[in-house]
2 protein chains.
Amino acid sequence: MTTATAFASAPTATRSIGRTPAVAFERHDEIGLAELQAHVPAVRRKIAQGQYLYRAGQPFAALFLVNTGCFKTCELAEDGREQVTGFRMRGDLVGVESIGLSQFACDVVALEDGEVWELPYPPMLTACLRIPVLQARLTSALAEEVRRDRLWMLALGTLGAERRVAAFLLDLAERHARLGFSGRHFILRMSRADMASYLALKHETVSRALSRLDALGHIAVQRREIRILDADGLRHGAEAVH
Amino acid sequence: MTTATAFASAPTATRSIGRTPAVAFERHDEIGLAELQAHVPAVRRKIAQGQYLYRAGQPFAALFLVNTGCFKTCELAEDGREQVTGFRMRGDLVGVESIGLSQFACDVVALEDGEVWELPYPPMLTACLRIPVLQARLTSALAEEVRRDRLWMLALGTLGAERRVAAFLLDLAERHARLGFSGRHFILRMSRADMASYLALKHETVSRALSRLDALGHIAVQRREIRILDADGLRHGAEAVH
DNA sequence: CGGCTACTTGAGTATTCTCAAATTGTGTGG
DNA sequence: CCACACAATTTGAGAATACTCAAGTAGCCG
């Protein structure tokens, strides 16, 4: 599943929820930030809510490592069809899908104020040549991206609306927990419409599914605040596997 | 879109269709077969219809370059849910999704008798270190895989059944054409059930969609033989974008 | 030429979507 | 700080799409 949400040091209204940022640097180092910094002139860049990190068609010149905030990646077809293909948060590497192209292949939008490390790509490439470990990690990150997308395709193809929403919440919870925050209580960074697009549903359907999961006692929903009350209930939901 | 079908020198009943194999080696060289052969002990391996090229859980030790035949990649969840995530044909590199793991992450099954080049991974890695171009191509191949999957997610999320089937056929046609075969007349290598799984539909729905596209005059279907009569009709189908 | 599997088609059902309205939040200006 | 306008969310009712179940047909293998 490709999803996300976290708010390391998110400066938003609901910041009261969630523990201190502090930890949760592991994933940065998974892609070798330490080695990177020695060879690639990484630049911190702040992005305001609603801003594009990049848009399809802009020259591809860098990858981005999310430090704070939450971003959505969107595919956009010529005929206007549009789809959210993932949510990226702290520790996620953004832009890898555009490697090998001269222009970015999709849009990335900040769902809240955030900060990224911009990693200029040519320097990144030469660094990879010098540091095999870095290369291996980049490759692994790409492969993992493929696996995530495939798992999400499996969910889309085999789960009904309610279980799809449940799976999404579980994925968020897990990513959240991995970043050192509570996996049982978090704030959705995206609108119902964004969730719906990612889940290949309509926002009304997502809303209904959330209400129903709430009524079943599996979660407690209050607008964007989610509390996981019964993870197993969510996982094995009553709905049949179709 | 992640799809495929081709039959370079397919030894099947319907081989009469399509031109001679001969050409269509470009994609092999896209990933640097020439350079590869000098450094990686590639082994030809024949796979019979229905055989697994590999299964999830088997030790990951090689990538595979499809020479002939058509393969499907399948995700399988612990709870039994199953989904075809793509079709691979001549020139496609198979196994990249498992890079970075010790075991393969999915199943790959031959839809017809075929042959692959087995590229042992450790030698592949060291070759990449020596030949930057090869490394770059591997990375590009991975990134393209991500883009394909994302485009397919867009289709799944925004198109109704009939247009999904149409998009699938157009994708097959294009890949087929790129391999030097007719893009207007080809044989499906997969069953309706496999198509359906990939398209996140039921096989009956796929069947109906094909019949309807036939009735509309956009295609001519006869079991697995497809003739594209009106590509634009397929592309812009009457169905509304929902 | 069976027996089998794959495919097609029909009829009724279920799920999700569409359209519409009500509600709750949020941000802004007075 | 409150009132208002706007955006996001929830909920309902009916419609549409895709699914399920079932039967029938057609090609393939032995």
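From a predicted model like this one, the values you see are computed outputs, not experimental measurements. Every chain is numbered from 1 and lettered A, B, ... according to where its sequence line falls, protein lines coming before strand lines.
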*Does A/Gln51 have any side-chain contact (heavy atoms from CB on, under 4.5 Å) partners at least two apart in sequence or in another chain, and if so, which?*
A/Ile47, A/Ala48
*Would you kindly give the CG-to-P distance between A/Leu159 and C/dT15, to the nearest whole Å?*
15 Å
*To the nearest Å, how far apart are A/Arg189 CZ and D/dA8 P?*
16 Å
*What integer distance in Å separates A/Arg212:CZ from D/dT10:P?*
16 Å
*side-chain contact (heavy atoms from CB on, under 4.5 Å) with A/Gln103: which residues, sequence neighbours excluded?*
none
*For B/Arg55, check salt bridge (charged side-chain N to carboxylate O under 4.0 Å, His left out) against everything at least two apart and list the hits.*
none
*For the pair made of CG in A/Leu199 and C1' in C/dT15, what is the distance, rounded to whole Å?*
16 Å
*What string of B, S and - do you get for nucleotides 3-8 of chain C 5' to 3' if you count protein non-hydrogen atoms under 4.0 Å?*
---SSB
_Whole-Å distance separating the CG atom of A/Leu201 from the C1' atom of D/dA16_ = 16 Å
*With sequence neighbours excluded, tell me which residues meet side-chain hydrogen bond (donor to acceptor under 3.5 Å, both in side chains) with B/Glu115.*
B/Arg44, B/Lys46, B/Asn67
*Would you mind reading off the distance between B/Lys202 atom NZ and C/dT16 atom P, rounded to a whole angstrom?*
12 Å
*Whole-Å gap separating C1' (D/dT10) and CG (A/Leu213)*: 15 Å
*Who pairs with A/Ser207 by side-chain contact (heavy atoms from CB on, under 4.5 Å), at least two apart in sequence or on another chain?*
none
_Please check if the number of heavy atoms outside A/Arg184 that lie under 6.0 Å from its CZ is greater than 12._
no
*Do you know which of A/Phe104, A/Phe60, A/Phe71 makes ring-ring contact (aromatic ring centres under 6.0 Å, His included) with A/Tyr54?*
A/Phe104
*Overall bend - the helix from C/dC1-D/dG30 to C/dG30-D/dC1, comparing terminal axes fitted on five pairs, nearest 10 degrees*: 50°
*What residues form a salt bridge (charged side-chain N to carboxylate O under 4.0 Å, His left out) with B/Arg235, not counting sequence neighbours?*
B/Asp232
*Quick one: side-chain hydrogen bond (donor to acceptor under 3.5 Å, both in side chains) partners of A/Glu82, sequence neighbours excluded?*
none
*For A/Ile219 and D/dT10, what is the distance between atoms CD1 and C1' respectively, to the nearest whole Å?*
14 Å
